[in-house]
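The chains referred to below are lettered A, B, ... by the order of the sequence lines, with proteins before strands, and numbering in each begins at 1. Bear in mind that the values here come from a model prediction, so they are computed numbers and not experimental data.
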Amino acid sequence: MPELPEIVCRSREMNELLCGRTISRVDVRQPKCLNVSVKAFAGAFEGATIGATTVRGKWLVTETTGGTLLINLGMGGELLYVDRDATPEKWHVRFDLDENMTLFVNFWWFGSTHLVPTGRLESEGPLAGLGPNALDVDLKAFQRMLNGRRGRIKSYLLNQRHLAGIGNAYIHDILFSAGLHPLRAIPTLSTGEINGLHRAIRAELERSIEKGSASYEVGLLGQPGGFGASDLRVGYREGKPCPRCGTCVEKIKTGSTASYICPQCQPLDPGEVDEKEL
DNA sequence: CGGGCTGTTGACTC
DNA sequence: AGAGTCAACAGCCC
């Protein structure tokens, strides 16, 4: 599932491959994934020139002369940049460009492509109310964010209104690196634990970005990332030994999501789950 | 063959 | 504010 590292890598590819190109034609097979009518969407982007692409959490933000294009790949969505003759079987939105090239957008689940008028990103659309990118928050700001918060650390980190870009794939190794159980109540976190968590967020996300993002996702040219199963510490490693202490990694239910943890390195002290703290 | 699992976002409720 | 639930809908696995 694309999270911040994947989006960062896709944005780099879009800047390399798409910046400066002109959109000649837009086609939509699944109007549901748009926020406006097909006519309005195509009307805005046909004839437009593509500018820079930036990242807001799990959203790709592409400026064009016809408005801002927002792409959310949901779970397992893909972008494909190919010659028109190599049109894939499955696609939901296509942008035909100059030089016979096309950008195909294919969703697995829950993906969307939005048109937002230039300059209104912060006031309307899905980016309004989104928290800062997880990699853009310094330690002081992170400490302030958590100050006075209640609830559990995992659900806080996954909430895109707080921090944008962390999803249920990278969270496992982030919490493991910080030595935190996903259900730890935020008020029970020590200053040292908060500092370690801040460091872990940066380190784990950047580790994947450096390797070109997750290997189960592919880039605009169809190339897989270099961050694979052997790079994971506890995530999706149920029954395998913890890399730090050798204890069996467990898969547990944490609310509506699953979590992979080392029960030894990420203890949930019963004294610390006092219901009054939640 | 079928049902459970996967896990994003936003809306909604308590 | 936070936690829970649901709905959107594809494909894999057993």
*Atom OH of A:Y156 and atom CG of A:L163: how far apart are they, to the nearest 0.5 Å?*
6.0 Å
_When you measure from the side-chain N and O atoms of A:N72 to the phosphate of B:dT8, is any distance below 4.0 Å, counting only OP1 and OP2?_
no
*asked:* Could you check whether atom CZ of A:R199 has more than 12 heavy atoms from other residues, nucleotides or ligands sitting under 6.0 Å from it?
replied: no
*Under 3.5 Å, is there a donor-acceptor pair between the side chain of A:R161 and the main chain of A:G131?*
no
*Can you list the stems that DNA chain C is part of, where a stem is at least 3 pairs in a row, each Watson-Crick or G-U, with both distances below 3.5 Å?*
B:2-6 with C:10-14, B:8-14 with C:2-8
*asked:* Would you say A:Y216 places a side-chain N or O within less than 4.0 Å of OP1 or OP2 belonging to C:dG11?
replied: no
_I want to check one thing: is the phosphate of C:dA10, taken as OP1 and OP2, less than 4.0 Å away from some side-chain N or O of A:K90?_
no
*Using a cut-off of less than 4.0 Å, is there contact between a side-chain N or O of A:S155 and OP1 or OP2 of C:dG2?*
no
*Could you state the NE2-P distance from A:H92 to C:dG11, rounded to the nearest angstrom?*
8 Å
*asked:* Looking at A:R152, I'd like to know whether one of its side-chain N or O atoms comes within less than 4.0 Å of OP1 or OP2 on C:dA3.
replied: no
*When you get a sec, tell me which of C:dG2, B:dC5, B:dT8 is the closest nucleotide to the side chain of A:K251?*
B:dC5
_No-hydrogen, no-angle side-chain donor-acceptor test under 3.5 Å, A:N168 and A:E3_ = no
*Using modelled atom types only, decide if a donor and an acceptor are shared between the side chain of A:E210 and the backbone of A:R207 within a distance under 3.5 Å.*
no
_Please report the interatomic distance CZ(A:R233) to CD1(A:I174), rounded to the nearest 0.5 Å._
10.5 Å
